[in-house]
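Both ligands and their constituent atoms are indexed starting at 1 by order of listing. Side-chain atoms are counted along with the backbone in the values below, which use heavy atoms only and exclude waters and symmetry mates.
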Amino acid sequence: MKQLRPAAPQLASIEPYDPKYIPADVMISANENPLDVPFEIRREIERAIRKVPFNRYPDPLANGLRDLIAEANGLDRDQVLMGNGGDELLFDIALAYGGPGRKFLNVPPTFSVYVNNAQLTNTEIVNVQRRRDFRIDEFAVVKRLELGDIDYTIITSPNNPTGDIVSSSFVKRLLNASDTLVVIDEAYFEFSRFTVRHLIEQFENLVILRTFSKAFSLAGVRIGYLLGSEAALRELKKVRQPYSVDAVSQAIARVVYEHRAEFEPGIDTIIEQRERVIDGLGALPYTQVFPSQANYVLFRFDQRVDAADVWKKLFDASVLVRDFSRAPGLENCLRVSIGTEEENDRFLKSLGAILDSVGK
Ligand SMILES: *Cc1c(COP(=O)(O)O)cnc(C)c1O
(Lines give C-alpha, C1' and ligand atoms only; values in the text may rest on other atoms or scores of the structure.)
Protein backbone atom coordinates (compact mmCIF):
# COMPACT_ATOMS: atom_id res chain seq x y z
CA MET A 1 0.00 0.00 0.00
CA LYS A 2 1.28 3.45 -0.91
CA GLN A 3 -1.10 5.37 1.30
CA LEU A 4 -1.53 5.71 5.00
CA ARG A 5 -5.00 5.94 6.39
CA PRO A 6 -5.83 8.98 8.55
CA ALA A 7 -5.05 8.87 12.26
CA ALA A 8 -7.74 9.41 14.88
CA PRO A 9 -9.76 12.52 13.90
CA GLN A 10 -8.95 14.53 17.03
CA LEU A 11 -5.29 14.63 15.92
CA ALA A 12 -6.08 16.66 12.79
CA SER A 13 -5.94 20.01 14.60
CA ILE A 14 -2.91 19.16 16.76
CA GLU A 15 0.68 20.10 15.98
CA PRO A 16 3.47 17.90 17.40
CA TYR A 17 5.00 19.63 20.45
CA ASP A 18 7.99 21.71 19.41
CA PRO A 19 9.18 24.36 21.86
CA LYS A 20 11.99 25.45 19.46
CA TYR A 21 14.63 24.42 21.94
CA ILE A 22 17.69 25.15 19.86
CA PRO A 23 21.21 25.42 21.28
CA ALA A 24 22.40 28.87 22.37
CA ASP A 25 25.00 30.21 24.82
CA VAL A 26 22.26 31.37 27.17
CA MET A 27 19.39 28.86 27.46
CA ILE A 28 16.62 30.71 29.29
CA SER A 29 13.53 29.49 27.47
CA ALA A 30 12.34 26.34 29.29
CA ASN A 31 12.14 27.35 32.98
CA GLU A 32 14.87 24.92 33.92
CA ASN A 33 17.15 25.41 36.88
CA PRO A 34 20.26 27.13 35.46
CA LEU A 35 22.46 24.98 37.72
CA ASP A 36 22.80 21.21 37.49
CA VAL A 37 22.58 19.02 40.60
CA PRO A 38 25.56 19.85 42.89
CA PHE A 39 28.65 17.72 42.37
CA GLU A 40 28.54 15.96 45.77
CA ILE A 41 24.94 14.93 45.23
CA ARG A 42 25.78 13.70 41.73
CA ARG A 43 28.49 11.48 43.24
CA GLU A 44 25.94 9.99 45.61
CA ILE A 45 23.55 9.49 42.68
CA GLU A 46 26.26 7.59 40.81
CA ARG A 47 26.68 5.25 43.79
CA ALA A 48 22.91 4.72 43.97
CA ILE A 49 22.67 3.94 40.24
CA ARG A 50 25.40 1.31 40.57
CA LYS A 51 23.05 -0.68 42.81
CA VAL A 52 20.08 -0.61 40.41
CA PRO A 53 19.40 -4.01 38.80
CA PHE A 54 18.86 -3.16 35.11
CA ASN A 55 17.41 -6.60 34.30
CA ARG A 56 14.47 -6.21 36.71
CA TYR A 57 11.32 -4.18 36.25
CA PRO A 58 11.15 -1.12 38.50
CA ASP A 59 8.80 -0.82 41.46
CA PRO A 60 5.73 0.32 39.46
CA LEU A 61 4.49 2.81 42.05
CA ALA A 62 7.96 3.94 43.21
CA ASN A 63 7.01 3.30 46.82
CA GLY A 64 10.40 4.35 48.20
CA LEU A 65 9.93 7.81 46.73
CA ARG A 66 6.26 7.95 47.66
CA ASP A 67 7.10 7.23 51.28
CA LEU A 68 9.76 9.94 51.40
CA ILE A 69 7.43 12.52 49.85
CA ALA A 70 4.45 11.43 51.94
CA GLU A 71 6.43 11.74 55.16
CA ALA A 72 7.81 15.16 54.25
CA ASN A 73 4.27 16.37 53.56
CA GLY A 74 2.56 14.72 56.53
CA LEU A 75 0.50 12.44 54.25
CA ASP A 76 -0.01 8.71 53.72
CA ARG A 77 1.59 6.79 50.88
CA ASP A 78 -1.84 6.50 49.20
CA GLN A 79 -2.02 10.29 48.98
CA VAL A 80 1.07 10.44 46.73
CA LEU A 81 1.41 9.27 43.12
CA MET A 82 4.61 9.41 41.06
CA GLY A 83 4.79 10.02 37.32
CA ASN A 84 7.23 10.27 34.42
CA GLY A 85 7.39 14.03 34.89
CA GLY A 86 4.35 16.08 35.79
CA ASP A 87 3.38 15.84 32.12
CA GLU A 88 2.54 12.15 32.37
CA LEU A 89 0.30 12.79 35.37
CA LEU A 90 -1.49 15.58 33.49
CA PHE A 91 -2.19 13.12 30.69
CA ASP A 92 -3.40 10.50 33.18
CA ILE A 93 -5.79 13.08 34.65
CA ALA A 94 -7.27 13.72 31.18
CA LEU A 95 -7.56 9.96 30.56
CA ALA A 96 -9.25 9.25 33.88
CA TYR A 97 -11.46 12.35 34.27
CA GLY A 98 -11.89 13.49 30.66
CA GLY A 99 -13.12 11.60 27.61
CA PRO A 100 -16.04 11.79 25.18
CA GLY A 101 -19.04 13.56 26.68
CA ARG A 102 -16.96 14.99 29.52
CA LYS A 103 -15.74 18.53 30.19
CA PHE A 104 -12.48 20.24 31.23
CA LEU A 105 -12.56 23.80 32.54
CA ASN A 106 -9.49 25.73 31.40
CA VAL A 107 -8.37 29.20 32.49
CA PRO A 108 -6.22 30.54 29.64
CA PRO A 109 -3.68 31.83 28.91
CA THR A 110 -1.95 29.00 30.73
CA PHE A 111 0.13 25.84 30.15
CA SER A 112 -0.76 24.54 26.67
CA VAL A 113 -0.36 20.87 27.62
CA TYR A 114 -3.77 20.87 29.35
CA VAL A 115 -5.65 21.70 26.15
CA ASN A 116 -3.59 19.25 24.15
CA ASN A 117 -4.46 16.43 26.55
CA ALA A 118 -8.14 17.35 26.46
CA GLN A 119 -8.10 17.28 22.65
CA LEU A 120 -6.31 13.93 22.56
CA THR A 121 -8.93 12.39 24.85
CA ASN A 122 -11.93 13.98 23.06
CA THR A 123 -12.75 16.02 26.15
CA GLU A 124 -14.81 19.18 25.66
CA ILE A 125 -12.86 22.31 26.65
CA VAL A 126 -14.73 25.06 28.49
CA ASN A 127 -12.64 28.25 28.65
CA VAL A 128 -12.97 30.98 31.25
CA GLN A 129 -10.52 33.57 29.96
CA ARG A 130 -8.25 35.47 32.34
CA ARG A 131 -8.57 39.26 32.55
CA ARG A 132 -6.30 41.52 30.50
CA ASP A 133 -3.83 41.72 33.41
CA PHE A 134 -3.91 37.86 33.51
CA ARG A 135 -5.68 37.71 36.88
CA ILE A 136 -8.26 34.92 37.07
CA ASP A 137 -11.90 36.01 36.81
CA GLU A 138 -12.61 34.21 40.08
CA PHE A 139 -16.32 34.95 40.13
CA ALA A 140 -16.79 33.57 36.60
CA VAL A 141 -14.79 30.40 37.32
CA VAL A 142 -16.69 29.59 40.53
CA LYS A 143 -20.02 30.33 38.83
CA ARG A 144 -19.16 28.02 35.95
CA LEU A 145 -18.20 25.19 38.31
CA GLU A 146 -21.44 25.64 40.25
CA LEU A 147 -23.36 24.50 37.17
CA GLY A 148 -22.04 21.05 38.12
CA ASP A 149 -21.17 19.69 34.66
CA ILE A 150 -17.37 20.14 34.71
CA ASP A 151 -15.44 16.90 35.26
CA TYR A 152 -12.03 18.39 36.00
CA THR A 153 -10.27 21.72 36.08
CA ILE A 154 -6.60 22.68 36.34
CA ILE A 155 -5.46 25.92 37.96
CA THR A 156 -1.76 26.71 37.72
CA SER A 157 -0.08 28.45 40.65
CA PRO A 158 2.24 30.15 39.85
CA ASN A 159 0.67 30.25 36.39
CA ASN A 160 2.86 29.46 33.40
CA PRO A 161 3.65 31.74 31.59
CA THR A 162 2.05 34.67 33.44
CA GLY A 163 3.67 34.13 36.87
CA ASP A 164 0.75 34.92 39.22
CA ILE A 165 -0.42 32.73 42.12
CA VAL A 166 -3.91 31.91 43.41
CA SER A 167 -5.21 32.62 46.92
CA SER A 168 -6.27 29.91 49.38
CA SER A 169 -9.68 31.49 49.70
CA PHE A 170 -10.26 31.23 45.94
CA VAL A 171 -9.18 27.58 45.88
CA LYS A 172 -11.53 26.86 48.78
CA ARG A 173 -14.41 28.47 46.90
CA LEU A 174 -13.55 26.33 43.87
CA LEU A 175 -13.48 23.15 45.93
CA ASN A 176 -16.79 23.99 47.59
CA ALA A 177 -18.48 24.93 44.31
CA SER A 178 -18.98 21.34 43.10
CA ASP A 179 -17.54 17.82 43.17
CA THR A 180 -15.32 18.60 40.14
CA LEU A 181 -11.76 17.31 40.43
CA VAL A 182 -9.66 20.44 41.04
CA VAL A 183 -6.00 20.08 40.10
CA ILE A 184 -3.70 22.82 41.40
CA ASP A 185 -0.54 22.69 39.29
CA GLU A 186 2.25 23.77 41.66
CA ALA A 187 5.15 22.98 39.29
CA TYR A 188 6.83 26.21 40.46
CA PHE A 189 5.69 26.34 44.08
CA GLU A 190 9.26 26.22 45.41
CA PHE A 191 9.76 29.71 43.93
CA SER A 192 6.49 31.16 45.25
CA ARG A 193 6.68 29.29 48.57
CA PHE A 194 2.91 29.13 48.52
CA THR A 195 0.95 25.87 48.46
CA VAL A 196 -2.61 24.68 49.05
CA ARG A 197 -1.29 21.52 50.74
CA HIS A 198 -3.21 22.52 53.92
CA LEU A 199 -6.54 21.93 52.12
CA ILE A 200 -5.93 18.25 51.31
CA GLU A 201 -7.49 16.85 54.51
CA GLN A 202 -10.70 18.82 54.03
CA PHE A 203 -11.35 18.24 50.32
CA GLU A 204 -11.65 14.93 48.52
CA ASN A 205 -11.79 16.71 45.15
CA LEU A 206 -8.29 18.28 45.43
CA VAL A 207 -5.00 17.08 43.96
CA ILE A 208 -1.76 19.07 43.74
CA LEU A 209 0.83 18.56 40.97
CA ARG A 210 4.55 18.98 41.68
CA THR A 211 7.72 18.23 39.73
CA PHE A 212 11.46 17.67 40.19
CA SER A 213 12.09 19.40 36.83
CA LYS A 214 12.29 23.01 37.96
CA ALA A 215 13.59 23.76 41.48
CA PHE A 216 15.39 20.40 41.79
CA SER A 217 17.35 20.54 38.51
CA LEU A 218 15.98 17.21 37.18
CA ALA A 219 14.20 18.22 33.95
CA GLY A 220 16.29 15.61 32.14
CA VAL A 221 15.31 12.80 34.50
CA ARG A 222 11.47 13.01 34.35
CA ILE A 223 9.96 12.76 37.80
CA GLY A 224 6.74 14.44 38.94
CA TYR A 225 4.17 13.67 41.59
CA LEU A 226 0.66 14.33 42.81
CA LEU A 227 -0.41 14.95 46.37
CA GLY A 228 -3.99 14.67 47.49
CA SER A 229 -7.20 12.79 47.33
CA GLU A 230 -6.66 9.06 47.75
CA ALA A 231 -9.91 8.47 45.83
CA ALA A 232 -8.74 10.44 42.78
CA LEU A 233 -5.26 8.93 42.83
CA ARG A 234 -6.81 5.45 42.86
CA GLU A 235 -8.54 6.21 39.55
CA LEU A 236 -5.31 7.58 38.06
CA LYS A 237 -3.51 4.37 38.97
CA LYS A 238 -5.91 2.54 36.66
CA VAL A 239 -4.85 4.52 33.59
CA ARG A 240 -1.14 5.07 34.20
CA GLN A 241 1.56 3.11 32.40
CA PRO A 242 2.69 0.63 35.07
CA TYR A 243 6.44 1.11 34.52
CA SER A 244 6.58 4.74 33.41
CA VAL A 245 8.87 5.74 36.28
CA ASP A 246 12.04 3.79 35.55
CA ALA A 247 14.37 2.40 38.21
CA VAL A 248 17.25 4.78 37.42
CA SER A 249 15.02 7.85 37.68
CA GLN A 250 13.59 6.55 40.96
CA ALA A 251 17.11 6.12 42.37
CA ILE A 252 18.16 9.61 41.24
CA ALA A 253 15.04 11.29 42.61
CA ARG A 254 15.38 9.56 45.98
CA VAL A 255 18.88 10.93 46.48
CA VAL A 256 17.85 14.42 45.35
CA TYR A 257 14.78 14.47 47.58
CA GLU A 258 16.83 13.40 50.60
CA HIS A 259 19.14 16.33 49.87
CA ARG A 260 16.39 18.81 49.05
CA ALA A 261 17.45 21.26 51.77
CA GLU A 262 20.70 21.78 49.87
CA PHE A 263 18.75 23.23 46.94
CA GLU A 264 17.31 26.03 49.08
CA PRO A 265 20.22 28.49 48.70
CA GLY A 266 20.00 28.08 44.90
CA ILE A 267 16.25 28.70 45.03
CA ASP A 268 16.87 31.85 47.12
CA THR A 269 19.31 33.08 44.49
CA ILE A 270 16.82 32.48 41.69
CA ILE A 271 14.19 34.46 43.62
CA GLU A 272 16.65 37.36 44.12
CA GLN A 273 17.63 37.23 40.45
CA ARG A 274 13.95 37.23 39.44
CA GLU A 275 13.50 40.56 41.19
CA ARG A 276 16.58 41.93 39.40
CA VAL A 277 15.27 40.78 36.02
CA ILE A 278 11.84 42.30 36.76
CA ASP A 279 13.51 45.62 37.69
CA GLY A 280 15.79 45.46 34.65
CA LEU A 281 12.90 44.83 32.28
CA GLY A 282 10.86 47.55 33.98
CA ALA A 283 13.60 50.07 33.17
CA LEU A 284 13.52 49.29 29.42
CA PRO A 285 11.51 51.30 26.89
CA TYR A 286 8.41 49.88 25.09
CA THR A 287 8.24 47.06 27.68
CA GLN A 288 5.50 46.07 30.12
CA VAL A 289 6.63 43.47 32.68
CA PHE A 290 4.21 41.26 34.60
CA PRO A 291 4.88 40.42 38.26
CA SER A 292 6.04 36.83 38.84
CA GLN A 293 6.22 34.41 41.76
CA ALA A 294 8.01 31.78 39.65
CA ASN A 295 11.43 31.33 37.99
CA TYR A 296 10.41 33.13 34.80
CA VAL A 297 9.04 36.51 33.83
CA LEU A 298 6.54 37.39 31.11
CA PHE A 299 6.83 40.74 29.34
CA ARG A 300 4.99 42.47 26.53
CA PHE A 301 6.09 45.12 24.04
CA ASP A 302 3.91 47.97 22.89
CA GLN A 303 2.93 48.29 19.23
CA ARG A 304 6.22 50.00 18.28
CA VAL A 305 8.12 46.74 18.80
CA ASP A 306 7.54 43.30 17.27
CA ALA A 307 8.19 40.53 19.82
CA ALA A 308 8.95 37.86 17.21
CA ASP A 309 11.57 40.16 15.69
CA VAL A 310 13.12 40.79 19.13
CA TRP A 311 13.11 37.03 19.81
CA LYS A 312 15.11 36.51 16.59
CA LYS A 313 17.59 39.28 17.43
CA LEU A 314 18.11 37.84 20.92
CA PHE A 315 18.70 34.45 19.35
CA ASP A 316 21.22 36.01 16.97
CA ALA A 317 22.99 37.21 20.14
CA SER A 318 22.86 33.55 21.31
CA VAL A 319 20.23 34.24 23.98
CA LEU A 320 17.27 31.85 23.75
CA VAL A 321 13.99 32.97 25.37
CA ARG A 322 10.45 31.74 24.72
CA ASP A 323 8.30 33.40 22.08
CA PHE A 324 4.60 33.54 23.00
CA SER A 325 3.77 36.27 20.50
CA ARG A 326 1.48 34.04 18.47
CA ALA A 327 -0.25 32.41 21.45
CA PRO A 328 -3.86 33.55 21.99
CA GLY A 329 -4.04 36.20 24.71
CA LEU A 330 -0.25 36.56 24.80
CA GLU A 331 0.19 38.70 21.70
CA ASN A 332 3.57 40.45 21.50
CA CYS A 333 4.79 38.65 24.68
CA LEU A 334 8.08 36.91 25.41
CA ARG A 335 8.96 34.86 28.49
CA VAL A 336 12.42 34.72 30.02
CA SER A 337 13.48 32.04 32.51
CA ILE A 338 15.73 33.13 35.36
CA GLY A 339 19.29 32.02 34.73
CA THR A 340 22.53 32.63 36.58
CA GLU A 341 23.47 36.24 37.37
CA GLU A 342 25.77 36.33 34.32
CA GLU A 343 23.08 34.91 32.03
CA ASN A 344 20.49 37.40 33.28
CA ASP A 345 22.95 40.27 32.76
CA ARG A 346 23.66 39.13 29.25
CA PHE A 347 19.94 38.86 28.50
CA LEU A 348 19.19 42.35 29.87
CA LYS A 349 22.15 43.88 28.05
CA SER A 350 21.29 42.23 24.72
CA LEU A 351 17.62 43.19 25.00
CA GLY A 352 18.55 46.76 25.96
CA ALA A 353 20.75 47.07 22.88
CA ILE A 354 18.04 45.64 20.61
CA LEU A 355 15.41 48.05 21.95
CA ASP A 356 17.86 50.99 21.69
CA SER A 357 18.08 50.42 17.96
CA VAL A 358 14.29 50.51 17.52
CA GLY A 359 13.09 53.73 15.94
CA LYS A 360 16.60 54.83 15.00
C1 LIG B 1 7.15 22.25 33.73
C2 LIG B 1 5.70 22.15 34.06
C3 LIG B 1 5.09 20.95 34.46
C4 LIG B 1 5.73 19.60 34.55
O5 LIG B 1 6.88 19.42 33.90
P6 LIG B 1 7.57 17.98 33.93
O7 LIG B 1 8.95 18.27 33.46
O8 LIG B 1 6.79 17.10 33.02
O9 LIG B 1 7.53 17.49 35.33
C10 LIG B 1 3.76 20.97 34.81
N11 LIG B 1 3.06 22.09 34.77
C12 LIG B 1 3.60 23.27 34.39
C13 LIG B 1 2.75 24.49 34.38
C14 LIG B 1 4.92 23.32 34.00
O15 LIG B 1 5.42 24.48 33.58
Plane angle bin for Y257 and F212 - parallel if under 30°, tilted between 30 and 60°, otherwise perpendicular: tilted
Quiz item: cation-pi between R56 and F54, 6.0 Å / 45°: no
Which segment of E88 sits under 4.0 Å of ligand 1 when only heavy atoms are counted: neither
Pair Y243 + Y57: ring centers closer than 6.0 Å: yes
Per-atom contacts, ligand 1 versus T211 - under 4.0 Å to a heavy atom: 6 (P), 9 (O)
Structural part of F212 in contact with ligand 1, heavy atom criterion under 4.0 angstrom: neither
Heteroatom proximity flag, G224 to ligand 1, N/O under 3.5 Å: no
Taking atom 15 (O) of ligand 1 as the reference point, the nearest protein heavy atom with its distance: Y188 OH, 2.6 Å
Proximity to ligand 1 by part of D87, non-hydrogen separation under 4.0 Å: both
Atom 8 (O) of ligand 1: nearest protein contact (heavy atom, Å): R222 NH2, 2.6 Å
Proximal atoms of ligand 1 relative to A187 (non-hydrogen, under 4.0 Å): 2 (C), 3 (C), 10 (C), 11 (N), 12 (C), 14 (C)
Test: R193 and D268 ion pair at under 4.0 Å: yes
Presence of salt bridge, R304 and D302, under 4.0 angstrom: yes
Parallel, tilted or perpendicular: rings of F191 and Y188 (30°, 60°): tilted
Residue N160 vicinity, atoms of ligand 1 by number, heavy atom under 4.0 Å: 13 (C), 15 (O)
Name of the residue among D323, N160, T162 meeting side-chain hydrogen bond (donor to acceptor under 3.5 Å, both in side chains) with R335: N160
Contacting atoms of ligand 1, where contact means under 4.0 angstrom from a heavy atom of S213: 6 (P), 7 (O), 9 (O)
For G85, the ligand 1 atoms whose distance to one of its heavy atoms is below 4.0 Å: 8 (O), 9 (O)
Identity and distance of the protein heavy atom lying nearest atom 13 (C) of ligand 1: D185 OD2, 3.3 Å
Min heavy-atom dist T156 to ligand 1 below 4.0 Å: yes
Worked verdict on F263 versus F216 for ring pair (Phe, Tyr, Trp, His ring centres under 6.0 Å): CA-CA 7 Å; F263 288 78; F216 296 115; 5.4 Å; yes
Aromatic centroids of F290 and F299 separated by under 6.0 Å: no
Option set R210, E186, K214, criterion heavy-atom distance to atom 14 (C) of ligand 1, minimum: K214
